[in-house]
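Notes to accompany the following structure.
Chain letters run A, B, ... following the sequence lines, proteins first and then strands; every chain starts at 1. All values derive from a computational prediction rather than experimental measurement.
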Protein chains: 2
Amino acid sequence: MVKYSRQREGILRNLQSRRDHPTADMIYDSVRKEYPNISLGTVYRNLTFLTETGQILKISTQMGADRYDGFIKPHNHFICRECGMVEDMEYISCDEMILQASGLFPGLIEDCELQFFGKCKNCLSGQ
Amino acid sequence: MVKYSRQREGILRNLQSRRDHPTADMIYDSVRKEYPNISLGTVYRNLTFLTETGQILKISTQMGADRYDGFIKPHNHFICRECGMVEDMEYISCDEMILQASGLFPGLIEDCELQFFGKCKNCLSGQ
DNA sequence: TCAATAATAGTAATCGTTACTATTATTAAA
DNA sequence: TTTAATAATAGTAACGATTACTATTATTGA
């Protein structure tokens, strides 16, 4: 049985109000302004809960800590290999690819993830 | 200046001889049979080197430790959400998608990664 | 054969995350 | 309302994966 918590709501609202794909730690710093006593464990626990209930997205960038995204309309991400910045990109559907792959694979393919890597505008222009 | 090391060669050969996408720790256990004194740090250092020089691939599965792959012909991966198994899949090119995306994005897209998630045959059949 | 230095083994430290526990907050029912 | 059950919390400890450090060993070009 799930009970309401103002901390959880604060975390969700914080994440929905920004588009910078923060880490758990960045969210912690930010939410702490509203709830000075909130603990990092609470942030992690709720990020996991919100991810599992589909209210937010978790992004693994293979560089440093996981990122979170309050914008859940399907879209892709660009990850800068130099500064680690994560930016939204227009959605390119994986549906045909899943279909294509499912015929060849002895298992259940539920979804796929498409991430783009490269250098962002800032890093290209030498900082 | 890069100097030869038998440990590095052992790690590379070990990785090339298997298709199970092992973690650094699994490689360590395995290579230790040939080099009983090899240290985990040496394994990590060389895995990083081999990845950066394009001799192996590093796979982030967003579940547990990173996996490594000695098979570098372009291909995709299926990751089982239940047991974490990583399996090779036929390559589906991202080239058109990179092209498509590049026109819309103010940065340099170098490559993209496509991973499939779901349940493997074993986990589907209830173990 | 030697000198320069890259790579190592072993260990400590770090980072991101999860687990634990006593306390507090929420909620459904009396 | 009060109360009782228990979910969620704060604070902290523990954990797993990875990196950093340092004295020693191995490789290599001269």
Determine, for B:E87 against B:K121, whether the closest basic-nitrogen to carboxylate-oxygen distance falls under 4.0 angstrom. no
Looking at B:D88 and B:K73, is there a salt bridge between them, counting it only when a charged N and a carboxylate O are closer than 4.0 Å? no
Does A:L57 have any side chain to side chain contact (heavy atoms under 4.5 Å, CB included) partners at least two apart in sequence or in another chain, and if so, which? A:D69, A:I72, A:H75
Hits for side chain to side chain contact (heavy atoms under 4.5 Å, CB included) against A:D29, two or more places apart or cross-chain, chain-then-number order -> A:D25, A:R32
Leading and trailing nucleotides of DNA chain C with any atom under 4.0 Å from heavy atoms of chain A: C:dG16 to C:dA28
About how many Å separate CD of B:Q100 and CZ of B:F105, when rounded to the nearest 0.5 Å? 15.0 Å
Interatomic spacing from CG in A:D66 to OG1 in A:T51 - rounded to 0.5 Å: 9.0 Å
Represent DNA chain D in dot-bracket notation, 5' to 3'. Only Watson-Crick or G-U wobble pairs with both distances under 3.5 Å count; pseudoknot-style crossings use [ ] and interstrand partners use |. ||||||||||||||||||||||||||||||
Atom pairs under 3.5 Å: protein N/O with N/O of nucleotides 28-30 of chain D:
unit_1 : atom_1 : unit_2 : atom_2 : d
D:dT28 : OP1    : B:Y4   : N      : 3.2

Testing the basics here: between A:A24 and A:L40, what is the closest heavy-atom pair and its distance to 0.1 Å? O-CD1, 4.3 Å
Whole angstrom is fine here: how far is it from CZ in B:R67 over to P in D:dA17? 11 Å
For A:Y35, enumerate each residue passing the ring-ring contact (aromatic ring centres under 6.0 Å, His included) test, keeping only those at least two apart in sequence or located in another chain. none
Tell me whether A:I79 is reachable from A:L114 by hopping between hydrophobic residues (I, L, V, M, F, W, Y) whose side-chain heavy atoms are closer than 4.5 Å. no
Would you say the side chains of B:T42 and B:R45 form a donor-acceptor pair under 3.5 Å? yes
